[in-house]
Amino acid sequence: MPAGTLLLIDDETSLRQLLARVLELEGYSVLQAPDARRGLELLRQHADEVLVVLSDVKLPDGYGLDLLPRYKQVSPLAEVVLMTAYGTIPDGVRAMKEGAFDYLTKGDSDDQLLVVVERAADKARLQQRVADLEKKVGAQYSFESMIGRSGALEQAKKLAQRVAPTDSTVLLEGPTGAGKELFAQAVHQASLRRSKPFVAVNCSAFPKDLLESELFGYKKGAFTGALADKKGLLEEAHGGTLFLDEIGELELNVQAKFLRVLETQQFTKLGDTKPTSVNVRIVAATNRNLRQEAAEGHFRPDLYYRLSVFMVLVPGLNERRDDIAPLTSYFLQYFAARLRKRLRGLESEVLEQLQRYDWRGNVRELKNVLERAAILADGDLLTLDDLPAEFQYLPTPLTTDEAADRSLRTLEKRQIRQVLQETGGNKMEAARQLGIGTKTLYRKIQEYGL
């Protein structure tokens with residue numbers, strides 16, 4: 001297996017060919033160029049392949065130290081090693097400052113050259129892996145990766161995409177399980193801060209007396225048990241984005257401290273006397289009506305107005321029922337692969353029931369229901385029996401004739417169906433609530449086709 005591709009630029013033909021042969025014996029694929037022009041052409045053609053550029057400092061059409069920025073511009077992830085017959089300390093210092101991996105003197109041992117090349121290649125490989133990972137993460141958390149094309153979802157995405165490239169504070173409002181954190185990650189990935197940290201904290205997951213120290217950090221000795229300085233999550237997110245989920249859970253005193261962060265990008269740690277400066281973008285989320293909370297005195301109005309500079313309403317699943325089908329298809333494929341099942345789809349009546357269900361837990365609830373169903377599924381199609389009991393007795397929409405029918409038989413059928421739904425299909429409990437025997441209930445279920 002080739003160890004990777006190198007680009008060797010040197011106008012001394014015999015030396016270039018000798019070095020190329022030495023490197024090829026180590027498993028490298030070596031591209032050769034006699035001057036800077038040809039070297040840059042080859043680098044452009046093979047920018048995704050070249051790990052290391054080995055360039056002579058004195059070339060017929062350029063000076064290696066001046067060419068260094070051009071090499072890095074064409075292939076930012078490749079490492080550059082400069083070689084010269086007459087090395088000087090000032091040139092070596094300048095080369096390293098401008099981004100060269102190393103600065104070698106020609107005539108040194110081949111072993112030293114091979115060690116430097118291998119170290120440079122290792123660094124380039126690592127940089128390529130990091131870049132590939134960042135691309136995958138960016139694709140996973142992009143607006144384009146969001147599943148669904150309903151009008152409500154598209155409207156929310158359009159607003160979020162407009163604000164993402166800015167540094168403005170964003171407030172995401174929507175019910176629990178609707179995907180607010182996915183929106184926050186997409187905003188971060190579409191911003192200029194995408195290469196910096198994305199730090200998420202659920203304000204409701206911390207005891208209220210610990211949340212302040214987690215957010216702002218503390219100095220050694222600030223309180224019993226503070227045995228060393230601790231960086232807070234604000235500092236961890238420096239340069240990037242801090243996502244505060246369920247921000248309505250913040251205590252009023254912490255809200256006041258956080259307001260100062262939004263206004264000045266500064267805060268004071270517990271036990272410290274000097275302010276700490278950060279450069280961080282805030283994206284917050286809540287399932288509450290913060291405007292109402294502020295009006296009732298449960299949330300600081302000044303913090304609410306500062307947070308809601310730009311508000312995005314993330315729709316619940318009941319507001320985007322057109323997306324249930326593609327979400328179901330995606331989750332089934334995901335769980336089939338994860339659980340090593342042969343599921344390739346679902347029966348039509350399953351989708352009908354999923355689309356009629358009242359999704360109070362939103363996308364998160366749909367995902368959990370489908371994971372459970374995938375575990376129970378035996379065949380290649382998901383069936384109604386694989387769904388939880390509450391899906392077996394969902395009311396079917398009434399026809400015009402049924403809605404107008406007020407006969408005792410129709411009213412009894414509706415009542416039995418409703419009680420079965422409310423009890424999740426528990427027939428003994430349904431019979432108890434209806435005041436009839438279990439055998440009678442079974443007979444009525446068969447009679448009414450329930």
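Both backbone and side-chain heavy atoms feed into the values below; hydrogens, waters and symmetry mates do not.
Interatomic distance, T5 OG1 to L23 CG, rounded to the nearest 0.5 Å: 12.0 Å. How far CG of L270 is from OG of S213: 6.5 Å, rounded to the nearest 0.5 Å. To the nearest 0.5 angstrom, N289 atom CG is 8.0 Å from R291 atom CZ. Atom CD1 of I282 sits about 8.5 Å away from atom OG1 of T241, to the nearest 0.5 Å. Note that the CG atom of L68 and the CD atom of Q73 stand 11.5 Å from one another [nearest 0.5 Å]. Here CG of D322 is found 8.0 Å from CD of Q355. Values are rounded to the nearest 0.5 Å.
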For this session: Test S55 against Y71 for side-chain hydrogen bond (donor to acceptor under 3.5 Å, both in side chains), laying out the working first.
Result: CA-CA 10 Å; S55 175; Y71 295 146; 3.0 Å; yes
For this session: Just do the side-chain contact (heavy atoms from CB on, under 4.5 Å) check on L7 and L54 with the steps written out, would you?
Result: CA-CA 6 Å; L7 172 59; L54 284 157; over 6 Å; no
Problem set entry | R281/V170 under side-chain contact (heavy atoms from CB on, under 4.5 Å): CA gap, chis, key distance, verdict | CA-CA 9 Å; R281 181 189 195 173; V170 180; 3.7 Å; yes
Exercise. Run the side-chain hydrogen bond (donor to acceptor under 3.5 Å, both in side chains) check on S204 and N202 step by step: do they pass?
Worked result: CA-CA 5 Å; S204 64; N202 188 328; 2.6 Å; yes
For this session: Could you please spell out the steps behind the side-chain contact (heavy atoms from CB on, under 4.5 Å) verdict for R320 and L327?
Result: CA-CA 11 Å; R320 42 180 292 214; L327 283 167; 3.9 Å; yes
Problem set entry | Steps toward side-chain hydrogen bond (donor to acceptor under 3.5 Å, both in side chains) verdict (E212, Y218) | CA-CA 9 Å; E212 181 176 1; Y218 53 78; over 6 Å; no
Problem set entry | Residue pair V117, V81: steps toward the side-chain contact (heavy atoms from CB on, under 4.5 Å) verdict | CA-CA 8 Å; V117 168; V81 175; 5.5 Å; no
Exercise. Going through the distances and angles, do E429 and Q433 end up as a side-chain hydrogen bond (donor to acceptor under 3.5 Å, both in side chains)?
Worked result: CA-CA 6 Å; E429 176 60 21; Q433 291 187 20; 2.9 Å; yes
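Side chains of L6 and S29 form no contact here, defined as non-hydrogen atoms less than 4.5 Å apart. At a threshold of 4.5 Å between non-hydrogen side-chain atoms, the residues M146 and F183 count as touching. Put simply, the side chain of L159 does not reach to within 4.5 Å of the side chain of R162, judged on heavy atoms. For the pair V201/E214, no side-chain contact is recorded, criterion being any heavy-atom separation below 4.5 Å from C-beta on. When side chains are defined from C-beta on, V312 does not count as touching L171, because their heavy atoms never get closer than 4.5 Å. Between L307 and I247 there is a side-chain heavy-atom pair separated by less than 4.5 Å. With a 4.5 Å cut-off on side-chain heavy atoms, R193 and N279 count as touching. Considering only heavy atoms from C-beta on, H188 stays 4.5 Å or farther from Q185 through its side chain.
Aromatic ring centres of Y304 and F299 lie farther apart than the 6.0 Å criterion allows.
In this pair, W359 and F391 present their aromatic rings tilted. The plane angle is within the 30 to 60° band.
For K257 and F216, the positive end sits near the middle of the six-membered ring, less than 6.0 Å away and at most 45° from its axis.
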